[in-house]
Enquirer: 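I have a structure here, written as structure tokens, and I will follow up with some questions on it.
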Amino acid sequence: MHITENHIKSILEKKEFSKEDITVLLQADKVQRQLIYAKSVEIKEKYIGKYTYFRGLIEFSNLCVKDCYYCGIRKSNQNSERYNLSDEQILQAVAFAHKNKYGSIVLQSGERSDKAFTDRISNLLKTITKNHNGELGITLSLGEQSLDVYSDWVQSGAHRYLLRIESTNRDLYYKIHPNDAAHAYEQRLEALCNTRRAGLQAGTGVMVALPFQTYEDLADDLLFFQNFDVDMVGMGPYIEHSDTPLFGVKAELMPLIDRFDLTMKMIAVLRIMMKDINIAAATALQAIDPIGREKAIRVGANIIMPNITPSENRKNYQLYDNKPCIDEGADDCTTCMEERIQLSGDEIGYGLRGDSPHFFNRGKSL
Ligand code: SAH
Ligand code: SF4
């Protein structure tokens, strides 16, 4: 398709984008994409302001019952050295976040739904809320659970949930997941709906530039976020892991830099479509470009999740090859990030929870 600058300009003037419009925007070249970024920056300034919020990310365990074809900690990967942080280690990391005025934390792990696991999370949530007087925003990213479990976690102190739909193209979903009951697409969708029913701020997202993924698929993904009226989105480039089945179709992939650029366009277009949601600058961007997350902040994202997992465990939470920050302690990461964010003109919302404005604006016309 030959795309002209005028075509991009005329699309950017519309109030609503069609699937075709988005497909065109995602194919904008190096020069044309600056038009998209100019618009997304303007919208971010108006509806979000200049604050970037930190969420201290604690990847507390890589034990997982699932077998997603793309992920390095899938249960069948025998090369993954398994770990599970103690409550004390988790609480220490949380205290680090609070002390350093990160407004929020994210607890993430492989998926488990046994009672010992779900009860442990409830207890941790209660302890964190008590220890820090309810001052920290708490996001969970612990995979698919029942409505009862999500509700119990809300009662115990959780505010938000991240559950990426990974891809809204059902056929593609089954190319990247086993086609069985444990990995059913409908179940993931139902779980996402249940996070909202339980009263959590609902976050989802997709991997960008997956093998076999088309621009039309990505346009559908963005329209899905809009129709679902999601509060938060995290999208990162797909990066292959050599110990996974999907590594076998590596030849289908775009070069890393193109995956990066496409993710940036996805973030910018989404910011134009959903003005007041929280958009995370995914860690996977940093695996491709050392300042990848800060670049995402510049084109529309407003959330960064510094990794505060104890350094010795980070190397084992390898979802993809070359995961960044593996050797750094939490302090190193934060200091350099703060400087880079200030360089891009934003400020860090220290001590602020930075909830999704959309969650509170729902129903209002912007
Ligand atoms: N187990 C939970 C949370 C941990 S995985 C869950 O699956 O929801 C968090 C996210 O990492 C996934 O949603 C997926 O989008 C991303 N991820 C996994 N493997 C990846 C890879 N190879 N490249 C890029 N992102 C990946
Ligand atoms: Fe487990 Fe999540 Fe990785 Fe799937 S993406 S294998 S659920 S950690």
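Sequential numbering from 1 along the given sequence is applied to the chain's residues. Both counts, for ligands and for their atoms, begin at 1 and track the order of listing.
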Enquirer: Checking the N or O distance criterion of under 3.5 Å, is ligand 1 in contact with Leu162?
Expert: no

Enquirer: Quick one: CH2 on Trp153 to NZ on Lys126, what's the gap to the nearest 0.5 Å?
Expert: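 Going from CH2 on Trp153 over to NZ on Lys126, the span is 12.5 Å.
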
Enquirer: To the nearest 0.1 Å, how far is atom 17 (N) of ligand 1 from its closest protein heavy atom, and which atom is that?
Expert: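 Ranked first by proximity to atom 17 (N) of ligand 1 is Met207 SD, 4.0 Å.
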
Enquirer: Starting from atom 9 (C) of ligand 1, locate the nearest protein heavy atom and write down its residue, its atom name and how far away it is, to 0.1 Å.
Expert: Gln108 NE2, 3.7 Å

Enquirer: List the steps, then state whether side chain to side chain contact (heavy atoms under 4.5 Å, CB included) holds for Thr168 with Tyr173.
Expert: CA-CA 7 Å; Thr168 58; Tyr173 193 87; over 6 Å; no

Enquirer: For Val154 and Ala198, work out which heavy atoms get closest and say how close.
Expert: CG2-O, 3.4 Å

Enquirer: Does any donor atom in the side chain of Asp21 or Ser18 lie under 3.5 Å from an acceptor atom in the other side chain?
Expert: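 Ser18 and Asp21 do have a side-chain donor-acceptor pair below 3.5 Å.
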
Enquirer: Can you tell me which portion of Tyr317 lies within the under-4.0 Å heavy-atom range of ligand 1? Options are side chain, backbone, both, or neither.
Expert: side chain

Enquirer: Which of the atoms of ligand 1 are close to Arg164, meaning less than 4.0 Å from one of its heavy atoms?
Expert: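 Taking each heavy atom of Arg164 in turn, ligand 1 has 13 (O), 14 (C), 15 (O), 16 (C) under 4.0 Å.
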
Enquirer: Would you say atom 2 (Fe) of ligand 2 touches the protein, meaning some protein heavy atom is under 4.0 Å from it?
Expert: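 No, there is none.
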
Enquirer: Give, for atom CD of Gln89 and atom CD of Glu312, the distance between the pair rounded to the nearest 0.5 Å.
Expert: 6.5 Å

Enquirer: If we only count heavy atoms from C-beta on, is the Leu136 to Ser104 side-chain gap below 4.5 Å?
Expert: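 Side-chain contact under 4.5 Å: no.
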
Enquirer: Would you mind running through ligand 1 and noting each atom that sits below 4.0 Å from a heavy atom of Arg188?
Expert: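 Within the 4.0 Å cut-off of Arg188, ligand 1 contributes 6 (C), 7 (O), 8 (O).
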
Enquirer: Looking only at non-hydrogen atoms, which of Ser61, Gly110, Cys68, Gly143 approaches atom 6 (S) of ligand 2 most closely?
Expert: Cys68

Enquirer: For ligand 1, is any non-hydrogen atom under 4.0 Å from Lys66's backbone (N, CA, C, O), its side chain (CB onward), both, or neither?
Expert: neither

Enquirer: Of all the atoms in ligand 2, which lie at a distance below 4.0 Å from a heavy atom belonging to Ile73?
Expert: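 Listed by number with element, the hits are 8 (S).
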
Enquirer: Could you walk me through whether Ile303 and Thr52 pass the side chain to side chain contact (heavy atoms under 4.5 Å, CB included) test, one step at a time?
Expert: CA-CA 6 Å; Ile303 303 288; Thr52 290; over 6 Å; no

Enquirer: Is it true that Asp152 and Ser122 share a donor-acceptor pair across their side chains at a distance under 3.5 Å?
Expert: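 Note: Ser122 and Asp152 side chains meet the donor-acceptor criterion.
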
Enquirer: Taking 2.8 Å as the cut-off, does His177 contribute an N, O or S atom near atom 4 (Fe) of ligand 2, distance below it?
Expert: no

Enquirer: Is the terminal nitrogen or CZ of Lys175 (NZ for Lys, CZ for Arg) located under 6.0 angstrom from the six-membered ring centre of Phe212 and within 45° of that ring's axis?
Expert: yes

Enquirer: What is the closest protein heavy atom to atom 21 (C) of ligand 1, and at what distance does it sit?
Expert: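 Protein heavy atom with the smallest distance to atom 21 (C) of ligand 1: Ile239 O, 3.4 Å.
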
Enquirer: Applying a heavy-atom cut-off of 4.0 Å, say which part of Glu240 lies close to ligand 1: side chain, backbone, both or neither.
Expert: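 For Glu240, no heavy atom sits under 4.0 Å from ligand 1.
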
Enquirer: Would you say the side chains of His159 and Gln201 form a donor-acceptor pair under 3.5 Å?
Expert: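 Side chains of His159 and Gln201: no pair found under 3.5 Å.
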
Enquirer: Could you tell me whether Ser141 approaches ligand 1 through its side chain, its backbone, both or neither, with non-hydrogen atoms closer than 4.0 Å?
Expert: both

Enquirer: Less than 3.5 Å between some nitrogen or oxygen of His241 and one of ligand 1, yes or no?
Expert: no

Enquirer: Which bit of Pro237 is near ligand 1, meaning a heavy atom under 4.0 Å away: side chain, backbone, both or neither?
Expert: backbone

Enquirer: Do the rings of Phe117 and Phe60 sit parallel, tilted or perpendicular, given the 30° and 60° boundaries?
Expert: parallel

Enquirer: Mark the output for Ser109 as yes if a heavy-atom distance to ligand 1 is under 4.0 Å, and as no if none is.
Expert: yes

Enquirer: Which ligand 1 atoms, with their elements, are less than 4.0 angstrom from a heavy-atom of Cys71?
Expert: 19 (N)

Enquirer: For ligand 2, which atoms have a heavy atom of Cys64 less than 4.0 angstrom away?
Expert: 1 (Fe), 6 (S), 7 (S), 8 (S)

Enquirer: Please state which protein non-hydrogen atom is closest to atom 14 (C) of ligand 1 and give its distance, to 0.1 Å?
Expert: Glu166 OE1, 3.5 Å

Enquirer: Hey, what do you get for CD1 (Ile279) to NE2 (His358), rounding to the nearest 0.5 Å?
Expert: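 So the CD1 of Ile279 and the NE2 of His358 are separated by 11.5 Å.
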
Enquirer: Between Lys44 and Asp276, does any NZ, NE, NH1 or NH2 come within less than 4.0 Å of an OD or OE carboxylate oxygen?
Expert: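 So Asp276 does not pair with Lys44 through a salt bridge.
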
Enquirer: Students should be able to answer this: which protein heavy-atom is nearest to atom 5 (S) of ligand 1, and at what distance?
Expert: Leu319 CD1, 4.2 Å

Enquirer: Hey, does Tyr70 come in under 3.5 Å of ligand 1, counting only N/O atoms on both sides?
Expert: yes

